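See below for the structure under consideration.
First listed ligand is number 1; within each ligand, the first listed atom is number 1. Bear in mind the structure is a predicted one, so any value in this text is a computation, not a measurement. Throughout, residue positions are numbered sequentially from 1 according to the sequence presented.
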Amino acid sequence: MKFIIANWKMNKTVHESLDFVKKVSRAKTRHKVVICPPFTSLNSLASALKGTNMLLGAQNMFHQDSGPYTGEISPSMLKSIGCDYVILGHSERRIHFQENNEMICLKVKAAQRHGLVPILCVGETLSERRNGNTFDAVARQLSLCLSSVKGPNILVAYEPVWAIGTGNNATPEQASEVHSFIKLQLKKRFGKDIPVIYGGSVSPSTIKSFLSEKSIDGVLVGSASLETGTFLKLI
Ligand code: PEP
């Protein structure tokens, strides 16, 4: 069993989300499938996914429980509607919304406090890779985002920034090398094996090569998770 996590990003109305789930939720799979729709579709999908073997995740949240934070969503709100997972620190949030490692760390802790499993995204930029700084960049993100995080109830997504939405996936060997490094850091940190999944232009034609790597515990998929036919091939 490996994880297949769909990150729909800012795509699909509630109607489109429900229509998608109706078409795929009875599909047989031996993997753990998690769908992360936009906030507006979460509540409807929580009902639609009941009784299926698919789980629900959010794409972001704020770290406070409640209060004057216009436009934000709290971990308890997510938990109360049946979310199990939340993607945190996605590179698109770091790039477009200036999220930094310190903010992400607060979110990781808040998610865990409320019984949500954080899917913490880390990954190097193209220039970091070209300059031979991949491991340093990833180690720094891990160290800062997990600072004083106690519980091992977490998933880490290795998402090289240059591979997200570009059609330019890392090779399974490149991913595996970084996964082994991340797994070692996490084992030292938590004394336990933590799942590490790969994200970055995964498609039906490449998914097998990733899932067959021992160090890759699953995939986080953006574009290829949006269309039912492609998604069914993935799962
Ligand atoms: C993502 O956004 O997490 C992602 C992996 O996107 P894509 O599959 O489109 O590269």
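- Annotation: the span from I104 atom CD1 to R94 atom CZ amounts to 3.5 Å, rounded to 0.5 Å.
- When each atom of ligand 1 is checked for a heavy atom of S201 under 4.0 Å away, the hits are 7 (P), 8 (O), 10 (O).
- Within the structure, the closest approach of A224 to ligand 1 does not fall below 4.0 Å when heavy atoms are considered.
- Looking at W8 and Q59, their side chains never bring a donor and an acceptor atom within 3.5 Å of each other.
- By the criterion of a heavy-atom distance under 4.0 Å, both the backbone and the side chain of I164 are placed next to ligand 1.
- Nearest protein heavy-atom contact of atom 9 (O) of ligand 1 is S223 OG, 2.5 Å.
- Remark: minimum distance from atom 4 (C) of ligand 1 to any protein heavy atom is reached at G222 N, 3.6 Å.
- Taking any N or O of G165, backbone or side chain, at least one lies under 3.5 Å from an N or O belonging to ligand 1.
- The two residues M61 and A111 have their closest heavy-atom pair at CE-N, 3.6 Å.
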S17 vs S41, side chain to side chain donor-acceptor pair (under 3.5 Å): CA-CA, chis, key distance, verdict: CA-CA 7 Å; S17 304; S41 293; 2.7 Å; yes
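- Of the protein's non-hydrogen atoms, the one nearest atom 3 (O) of ligand 1 is E159 OE2, 2.7 Å.
- Residue, atom and distance of the protein heavy atom nearest to atom 2 (O) of ligand 1 are K9 NZ, 2.6 Å.
- Considering backbone and side-chain N/O of G199, none are found under 3.5 Å from N/O of ligand 1.
- Near G200, with a cut-off below 4.0 Å to any heavy atom, the atoms of ligand 1 are 5 (C), 10 (O).
- Note on D136 versus R140: no salt bridge recorded, every NZ/NE/NH1/NH2 to OD/OE distance being 4.0 Å or above.
- A donor and an acceptor atom, one from each side chain of S176 and S215, are located under 3.5 Å apart.
- Residue H90 has at least one heavy-atom neighbour below 4.0 Å for each of these atoms of ligand 1: 1 (C), 2 (O), 3 (O).
- How far CG of L45 is from CG of L56: 6.0 Å, rounded to the nearest 0.5 Å.
- Between Y198 and H179, the ring-plane angle classifies as tilted under the 30° and 60° cut-offs.
- Looking at ligand 1, you won't find any N or O of T166 less than 3.5 Å from one of its N or O atoms.
- Among the candidates E92, E72, K107, the single residue satisfying the side chain to side chain donor-acceptor pair (under 3.5 Å) test with N60 is K107.
- With ligand atoms numbered from 1 in the order given, ligand 1 contributes 1 (C), 2 (O), 3 (O) to contacts under 4.0 Å with heavy atoms of N7.
- The atoms of ligand 1 that sit less than 4.0 Å from any heavy atom of L220 are 3 (O), 5 (C).
- Applying the 6.0 Å contact sphere to CE of M10 captures no more than 12 heavy atoms from other residues, nucleotides or ligands.
- Contacts between A163 and ligand 1, counted as non-hydrogen atom pairs separated by less than 4.0 Å, involve the backbone only.
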